[in-house]
Each structure stands twice: as C-alpha cells, then as structure tokens.
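First the structure, in the form of structure tokens, and then the observations on it.
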2 protein chains.
Amino acid sequence: MLEPVRHERSDAARNRATILLAAEALVAEHGAQCVTMDQVARAAGVGKGTLFRHFGDRCGLMRALLDERERSFQEGFIRGPSPLGPGAPPRERLIAFGERMLEHIEIQGDLLAAAEGAPGERLRHNVYAAYRAHVMALLEQSGYAGDIGYLADVLLAALTAELVLFQRREMAIAPDRLKDGWAGLIVSLLGSA
Amino acid sequence: MLEPVRHERSDAARNRATILLAAEALVAEHGAQCVTMDQVARAAGVGKGTLFRHFGDRCGLMRALLDERERSFQEGFIRGPSPLGPGAPPRERLIAFGERMLEHIEIQGDLLAAAEGAPGERLRHNVYAAYRAHVMALLEQSGYAGDIGYLADVLLAALTAELVLFQRREMAIAPDRLKDGWAGLIVSLLGSA
DNA sequence: CGATGATGCGGACCGTAGTCCGTATACGGC
DNA sequence: GCCGTATACGGACTACGGTCCGCATCATCG
C-alpha cells in the first residue's frame with residue numbers, strides 16, 4: 001500500500017487554508033446550520049468543485065473545522081494529566097472523560113451537530129473508534145464483568161451531541177445535572193469502591 | 001383552544017389513503033432510502049404539494065408509514081401481556097421493553113432510519129416522550145436511587161435505530177448479543193435481586 | 001528554459017426536498 | 001339545485017448539496 005500523494009500542490013494547500021479561514025468566519029457569524037457551501041466557496045473565492053474535492057462533503061468541511069479542537073481533546077485523555085489522562089483509577093478517568101465530553105459539546109455543539117451526516121455515518125469514523133477504544137480500555141481495567149464493547153457503545157450514546165444538545169436546550173437541563181447524572185451512571189455500573 | 005378542523009374533506013381523505021398505499025408499495029419495492037417524494041407523488045397520482053400538505057416533510061411521511069406498527073408496539077408495553085406489559089416486576093419489564101425495541105428496529109430499521117430528520121428532531125416527538133415516560137415509570141418503580149430522567153435518556157439512547165443498525169450491520173453483532181448486553185446493563189443498574 | 005504529464009480548478013449541471021399561489025373542488029346554507 | 005367560501009389541489013419554482021469534465025496551473029525532467 002503505497003502513499004499515492006507525495007506533495008500537495010502549492011495552490012491546493014493555499015486554497016484549503018483560504019477555505020477553512022472563510023468557513024470559520026462564516027460559521028462564527030451566522031452559525032454552522034445557516035452556512036451554505038456556495039457561500040463558503042464565494043467567500044473563499046474558489047469554485048464549488050474545489051470545496052468538495054478538498055473536503056468531500058459538507059460534513060467533511062465541518063469536521064475539518066473541528067479538527068484542531070478534536071485533536072487536543074483526544075490528546076487530553078490519551079496523554080494529558082490525571083484524572084482525564086493516565087494515572088487515575090479507570091473509574092475516575094471514565095467520569096472525567098464524560099465530563100470533558102460534555103464540556104466539549106457545550107462549546108462545539110453546533111459544529112458537532114452540523115458535522116453529523118446520514119444516520120450512522122458518525123459511528124463509522126475514526127473519531128468514534130478512538131472514543132470507543134478508550135472507553136473499552138477503561139472498562140477492561142476497571143474489571144467490569146459484562147460485555148465491554150456493548151457497554152462502550154451505550155456510554156458513548158449518552159454523550160452524543162444530538163442527545164446532549166436536546167437535554168441542554170430543549171429540556172433545559174443544567175450542565176451540572178448532566179455531569180452528576182453521568183458520574184452516577186458510572187458509579188452504578190462500576191461500583192463506588 | 002378550539003378544534004379548527006371539523007371534517008376532513010372527502011377528497012383529502014381519499015388522497016391521503018392513496019398516498020400511503022403508494023408509498024408503502026414503493027418502500028417495499030425499493031427500500032425507504034431510495035424512494036423520492038416525486039416518485040410517491042407520481043405513483044399516487046397527486047401533485048407534490050398535496051404530499052407535503054398532508055405529511056409536512058419526508059420524515060412525516062415515513063412516520064405515517066410506521067404509525068400502525070408504532071401504535072401496536074406502544075399498546076404492547078402499556079396494556080399488553082407480561083413481562084412487557086403490567087404485572088411483571090419493573091426490572092423484567094424494562095428488559096422486555098429493550099428486547100422488544102431491538103426486535104422492532106430489526107424489522108422496521110430502514111423505515112426508522114428514513115424517519116430521522118435533523119439532529120434532535122426525533123427526541124422532540126411524542127413517540128420519544130412516550131418511551132421516556134414509560135422507562136422513567138419503570139425506573140421509579142424499581143426504586144432506582146439516581147436521576148431517573150437522565151437514566152431514561154441514556155437507556156433510550158442505547159436503543160436508537162442509528163446505533164442498533166450500526167451494531168447489527170457494520171459491526172455484525174448478533175441480535176442475541178445485543179439482547180444479552182441490554183439485559184446485563186439493566187441488571188448492573190438495578191441489581192439482580 | 002521549454003516541453004509534458006499529473007494535479008487542481010471552476011462553474012455549469014443535476015437530483016431532491018420543500019414552498020407558493022392561482023385554480024379547482026367539496027361542503028353547508030338557502 | 002345554486003351559490004359562497006373554506007379547503008385542497010397541482011406543478012412550476014427555489015435552494016441546496018453534490019457531480020462532472022474541459023481547461024488551467026503546477027512540478028518535473030531533459
């Protein structure tokens with residue numbers, strides 16, 4: 001399996017940067033939901049084809065906008081300080097993971113919602129796989145006796161942007177109640193010992 | 001708050017029935033994903049406007065197709081035989097509810113996926129509210145000590161069509177493993193007593 | 001530096017969901 | 001049966017995401 005691309009052509013790199021800048025500005029101004037691909041293309045001064053070649057589809061563009069935050073988020077629970085990162089007992093790390101994710105959704109919610117594509121697409125992505133592997137590892141370490149893979153899916157389902165934004169906005173549930181609910185859930189499952 | 005509509009006009013009722021019939025046939029033949037609104041309109045011999053006036057949007061049409069099954073499903077856990085319906089202890093009813101829901105998704109999965117609209121729309125509907133109320137009542141009866149509303153949302157998130165279809169199709173997880181996972185989850189939360 | 005092949009570019013084009021409004025039709029009152 | 005009006009109908013129209021392909025631009029090599 002060879003690497004097909006050696007260098008990105010200079011104009012392509014320039015265009016990608018321009019597009020991301022333009023998209024970021026438009027999203028900041030109008031909200032992710034209201035920004036159309038034509039708007040982004042015009043604002044960046046490129047053709048629509050260029051947009052889609054670089055990012056595949058609308059969700060790909062939104063994901064690209066999230067990417068930096070996403071990477072630092074993942075960095076946090078893989079190599080960051082306790083209790084989110086290594087060092088703390090798995091139960092504490094799991095609680096911290098959920099709380100951190102809730103904060104992530106609080107900040108990036110609209111973009112996360114806009115990055116959702118067809119049903120199930122989200123689940124097929126590397127990001128989900130990374131979360132899932134992390135949660136499974138923590139459950140494993142905690143000595144949980146049941147189906148770890150299944151439980152990981154369920155726990156992550158509690159942390160989807162769709163659900164959390166609904167709880168926060170439609171049901172007007174306070175962030176602290178969500179965090180407490182999450183922590184209580186983990187304690188119920190893994191014991192308070 | 002008056003009832004604005006006294007009688008549905010006869011042509012309207014006829015058209016609605018015709019549309020549902022045509023849509024059902026097209027979905028059966030091509031799958032819900034591949035059926036367009038224009039196809040349905042042409043097959044039913046009505047204009048597009050009529051379609052949208054009756055069902056609001058594509059998801060509304062899909063929901064209407066699900067409606068009958070949905071009602072009998074709800075009937076099952078509200079007034080049906082134990083352990084799904086009243087009579088069994090709440091823990092057993094909750095397990096039966098999840099298993100029944102998994103079967104429902106197994107059968108109606110494509111339609112359920114096609115009925116999903118914008119992120120969060122699903123959660124705003126009566127159907128979700130009914131499920132949520134049911135699960136909350138069972139948790140209450142079971143004497144669960146934590147945040148019942150939060151836990152209901154989490155448990156229902158484990159039973160979304162999006163997740164279950166992913167688990168079944170993409171991850172090739174067998175139905176029995178999902179049912180066992182669900183039962184194990186409930187037991188972990190409510191105790192095996 | 002000039003030729004040449006690979007890569008990227010632009011924007012016309014397409015399919016689909018959803019809207020709008022002038023026209024047609026059913027229903028209730030006379 | 002006839003009329004007036006509320007209601008429904010149809011299909012042209014819009015907006016948007018996504019595709020396609022002929023042309024331009026870049027990198028490379030002699």
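So you know, we letter chains A, B, ... as the sequences are listed, proteins then strands, and number each from 1. Note that these values count all heavy atoms, side chains included, but never hydrogens, waters or copies made by symmetry.
- Applying the ring pair (Phe, Tyr, Trp, His ring centres under 6.0 Å) criterion to A:His54, with sequence neighbours excluded, gives no partner residue.
- For residues 149-173 of chain A, the set of pairs meeting the salt bridge (Lys or Arg N to Asp or Glu O under 4.0 Å) definition, not counting sequence neighbours, comprises A:Glu106-A:Arg168, A:Asp110-A:Arg169, A:Arg132-A:Asp153, A:Glu162-B:Arg122, A:Glu170-B:Arg124.
- Near DNA chain C, meaning a heavy atom under 4.0 Å from it, residues 119-128 of chain A has no residue at all.
- Sequence neighbours left out, not one pair with a member in residues 111-120 of chain A passes side-chain hydrogen bond (donor to acceptor under 3.5 Å, both in side chains).
- Between B:Leu51 atom CG and D:dA8 atom P there is a gap of 15 Å when expressed in whole angstrom units.
- The CZ atom of B:Phe55 sits 14 Å away from the C1' atom of D:dA8 (whole-angstrom rounding).
- Distance NE2 (B:His54) to C1' (D:dG10): 12 Å, rounded to an integer number of Å.
- Under the ring pair (Phe, Tyr, Trp, His ring centres under 6.0 Å) criterion, B:Phe77 pairs with B:Phe73, B:Phe97, B:His134, not counting sequence neighbours.
- Within the structure, salt bridge (Lys or Arg N to Asp or Glu O under 4.0 Å) pairs that include any residue of residues 15-33 of chain B comprise B:Glu8-B:Arg16 (at least two apart or interchain).
- Among residue pairs with one or both ends in residues 94-104 of chain B, those qualifying as side-chain hydrogen bond (donor to acceptor under 3.5 Å, both in side chains) are B:Glu103-B:Lys179; sequence neighbours excluded.
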Return the polar atom pairs (N/O with N/O) between nucleotides 16-20 of chain C and the protein under 3.5 Å, or none.
| residue | atom | partner | partner atom | Å |
| --- | --- | --- | --- | --- |
| C:dA17 | OP1 | B:Arg58 | NH1 | 3.2 |
| C:dA17 | OP2 | B:Met37 | N | 3.0 |
| C:dA17 | N7 | B:Lys48 | NZ | 3.2 |
| C:dG18 | OP2 | B:Arg58 | N | 2.9 |
| C:dG18 | N7 | B:Lys48 | NZ | 3.2 |
| C:dG18 | O6 | B:Lys48 | NZ | 2.6 |

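- Checked by atom type and distance alone, the side chain of B:Arg93 pairs as donor or acceptor with a backbone atom of B:Leu84 at under 3.5 Å.
- C:dG15 atom P lies 12 Å from atom CZ of B:Arg42, rounded to whole Å.
- Of the possible polar contacts, none joining the B:Gln108 side chain to the B:Ile105 backbone as a donor-acceptor pair under 3.5 Å is found.
- Within a heavy-atom distance below 4.0 Å of DNA chain C, no residue of residues 16-31 of chain A is found.
- For the atom pair CG of A:Leu65 and CG of A:Leu111, the computed distance is 5.5 Å after rounding to the nearest 0.5 Å.
- In terms of phosphate contacts, A:Asn15 brings a side-chain nitrogen or oxygen within less than 4.0 Å of OP1 or OP2 of C:dC9.
- B:Val27 places none of its side-chain heavy atoms less than 4.5 Å from the side chain of B:Val40.
- Legend: residues meeting side chain to side chain donor-acceptor pair (under 3.5 Å) with A:Arg9, ordered by chain and number and at least two apart, are A:Asp11.
- Counting heavy atoms from C-beta on, the side chains of B:Arg58 and B:Phe52 never come closer than 4.5 Å.
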N/O-N/O pairs, protein side and nucleotides 25-27 of chain D side, under 3.5 Å:
| residue | atom | partner | partner atom | Å |
| --- | --- | --- | --- | --- |
| D:dT25 | O2 | A:Arg9 | NH1 | 3.0 |
| D:dT25 | O2 | A:Arg9 | NH2 | 3.1 |
| D:dA27 | OP1 | A:Ser10 | N | 3.4 |
| D:dA27 | OP1 | A:Ser10 | OG | 3.2 |

Which donor-acceptor pairs under 3.5 Å do the side chains of residues 140-147 of chain B make with protein atoms, sequence neighbours left out?
| residue | atom | partner | partner atom | Å |
| --- | --- | --- | --- | --- |
| B:Ser142 | OG | B:Leu139 | O | 2.7 |
| B:Ser142 | OG | B:Tyr144 | N | 3.4 |
| B:Tyr144 | OH | A:Ser188 | OG | 3.3 |
| B:Asp147 | OD1 | A:Arg177 | NH2 | 2.8 |
| B:Asp147 | OD1 | B:Gly149 | N | 3.3 |
| B:Asp147 | OD1 | B:Tyr150 | N | 3.1 |
| B:Asp147 | OD2 | A:Arg177 | NE | 2.6 |
| B:Asp147 | OD2 | A:Arg177 | NH2 | 3.3 |

